Amino acid sequence: MRKTLLGLAGTVALLFGLAGPALAFEPVNVVHTEKVQAGPYDLTIGFSTWPVKAMQSLDFTFAPEDGITGKKGTLTVLHEGVEADDDPLARHPRKREVWGLDIYALPEPGTWTLRFDVDGPAGAGTGELKNLQVMEQPGPPMGLSWAVSTIPLFGLIALIVIAWRRTKTAVE
């Protein structure tokens with residue numbers, strides 16, 4: 001009876017949020033910032049990894065000096081002058097008081113530009129973070145990584161062939 005009551009109390013505590021989450025998300029750790037003037041708005045762009053490398057996931061935060069309340073905006077990502085992405089600015093999922101991108105990777109090395117179009121109580125404005133240098137992808141080249149990763153597959157195929165040949169019955 002006592003175990004049943006303890007189990008019921010634990011279930012009720014979980015249902016009403018009285019117990020803390022066991023695997024909470026870590027907060028965004030901003031290690032580098034850049035400033036951008038988008039019309040009347042001062043934006044602070046935060047990076048969770050610096051320097052930025054191609055195909056390496058990181059968090060971007062975009063924080064207006066006076067907060068995001070009452071404002072909306074668009075982020076346009078350009079790679080060497082060509083538009084690569086254009087999306088509305090949304091709250092960062094783990095840092096709700098700012099706009100941001102969660103675990104986002106720039107796909108290629110080179111020169112990138114982040115263009116911000118912000119509209120709010122003080123009017124509309126556009127600003128750019130130009131010449132964001134993205135370095136080569138870390139680690140071995142992608143072709144070599146794929147080649148090494150297929151070794152276990154070829155080993156499995158060889159094992160199946162050897163087992164099949166050993167267990168095959170001779171037809172007379």
Side-chain angles (χ1 to χ4, degrees), residues 11 13-150 152:
T11 303
L14 287 174
L15 286 174
F16 289 109
L18 300 176
L23 299 171
F25 292 110
E26 290 187 29
V28 177
N29 184 22
V30 175
V31 298
H32 181 79
T33 60
E34 297 282 337
K35 297 284 188 181
V36 172
Q37 186 70 37
Y41 307 104
D42 293 323
L43 293 172
T44 301
I45 315 313
F47 301 87
S48 65
T49 302
W50 193 259
V52 179
K53 296 178 182 167
M55 299 299 291
Q56 184 177 27
S57 296
L58 68 149
D59 289 310
F60 292 89
T61 59
F62 314 116
E65 189 174 283
D66 54 348
I68 62 173
T69 305
K71 297 180 190 73
K72 61 181 179 179
T74 304
L75 168 65
T76 305
V77 180
L78 302 133
H79 181 244
E80 298 178 355
V82 178
E83 186 175 314
D85 199 7
D86 184 24
D87 289 315
L89 287 168
R91 289 179 187 261
H92 191 284
R94 291 181 288 133
K95 193 169 185 167
R96 304 293 293 162
E97 68 275 7
V98 299
W99 292 316
L101 300 171
D102 184 35
I103 43 180
Y104 184 81
L106 296 170
E108 297 178 34
T111 304
W112 290 78
T113 300
L114 304 178
R115 180 183 303 142
F116 301 92
D117 296 305
V118 181
D119 192 11
T126 299
E128 291 185 344
L129 175 60
K130 294 183 178 185
N131 299 323
L132 176 62
Q133 295 300 317
V134 177
M135 299 170 59
E136 288 288 331
Q137 173 186 350
M142 193 62 81
L144 178 61
S145 296
W146 277 98
V148 169
S149 69
T150 59

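None of the values given here were measured: they were computed from a predicted structure. Numbers here simply count residues along the sequence, with the first being 1.
How far CD of Glu80 is from CD of Glu108: 8.0 Å, rounded to the nearest 0.5 Å. Here CD of Glu83 is found 12.0 Å from OG1 of Thr113. Values are rounded to the nearest 0.5 Å. Atom CG in Leu78 sits 8.5 Å away from atom CG in Leu114 (nearest 0.5 Å). One finds the CD atom of Glu34 at 5.0 Å from the CH2 atom of Trp50 (value rounded to the nearest 0.5 Å).
Heavy-atom minimum distance, Pro40 versus Gly125: CD-CA, 4.3 Å. Closest approach of Arg96 and Ile68 over heavy atoms only: O-CD1, 4.1 Å. Minimum interatomic distance between Pro107 and Trp112 (heavy atoms only, all atoms of both residues): CD-CH2, 3.6 Å. Contact between Gly70 and Pro121 at its shortest, heavy atoms only, is O-CD, 3.5 Å.
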Q: Determine, stepwise, if the pair Thr74 / Val118 fulfils side-chain contact (heavy atoms from CB on, under 4.5 Å).
A: CA-CA 7 Å; Thr74 304; Val118 181; over 6 Å; no
**Q.** Residues Thr61, Trp99; criterion side-chain contact (heavy atoms from CB on, under 4.5 Å); working and verdict
**A.** CA-CA 6 Å; Thr61 59; Trp99 292 316; over 6 Å; no
Q: Carefully, step by step, assess Asp102 and Lys95 under the rule salt bridge (charged side-chain N to carboxylate O under 4.0 Å, His left out).
A: CA-CA 10 Å; Asp102 184 35; Lys95 193 169 185 167; over 6 Å; no
Q: Carefully, step by step, assess Val36 and Glu128 under the rule side-chain contact (heavy atoms from CB on, under 4.5 Å).
A: CA-CA 6 Å; Val36 172; Glu128 291 185 344; 5.8 Å; no
Q.
Under the criterion side-chain contact (heavy atoms from CB on, under 4.5 Å), I'd like the reasoning laid out for Thr49 against Gln56: C-alpha separation, chi angles, the key distance, then a yes or no.
A. CA-CA 9 Å; Thr49 302; Gln56 184 177 27; 4.1 Å; yes
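A 4.5 Å side-chain heavy-atom check between Leu58 and Ile103 finds every atom pair outside the cut-off. In this structure, Phe116 and Leu43 have side chains that are in contact, with non-hydrogen atoms separated by less than 4.5 Å. Residues Thr33 and Ile45 are not in side-chain contact: their nearest non-hydrogen atoms beyond the backbone lie 4.5 Å or more apart. Using a 4.5 Å heavy-atom threshold, the side chains of Lys35 and Thr44 count as touching. Between Arg115 and Thr126 the shortest side-chain heavy-atom distance falls below 4.5 Å.
For the pair His79 (side chain) and Pro109 (backbone), a donor-acceptor distance under 3.5 Å is present. Side chain of Tyr41 to main chain of Ala122: a donor-acceptor pair is present (N/O by atom type, distance under 3.5 Å, no hydrogens or angles).
Side-chain polar atoms of Thr111 and Gln133 form a donor-acceptor pair below 3.5 angstrom. Looking at Asn29 and Ser48, their side chains never bring a donor and an acceptor atom within 3.5 Å of each other.
Partner of Leu89 under the side-chain contact (heavy atoms from CB on, under 4.5 Å) criterion, out of Val98, Leu75, Leu101: Leu75 alone.
Applying the ring-ring contact (aromatic ring centres under 6.0 Å, His included) rule to His92 yields no partners; only residues at least two apart in sequence or on another chain are considered. In this structure, Glu136 has no side chain to side chain donor-acceptor pair (under 3.5 Å) partners at least two apart in sequence or on a different chain. Here Asp66 pairs with Lys71 under the salt bridge (charged side-chain N to carboxylate O under 4.0 Å, His left out) rule; sequence neighbours left out.
In this structure, Phe47 and Phe60 have perpendicular ring planes: the angle between them is above 60°, well past the 30° mark.
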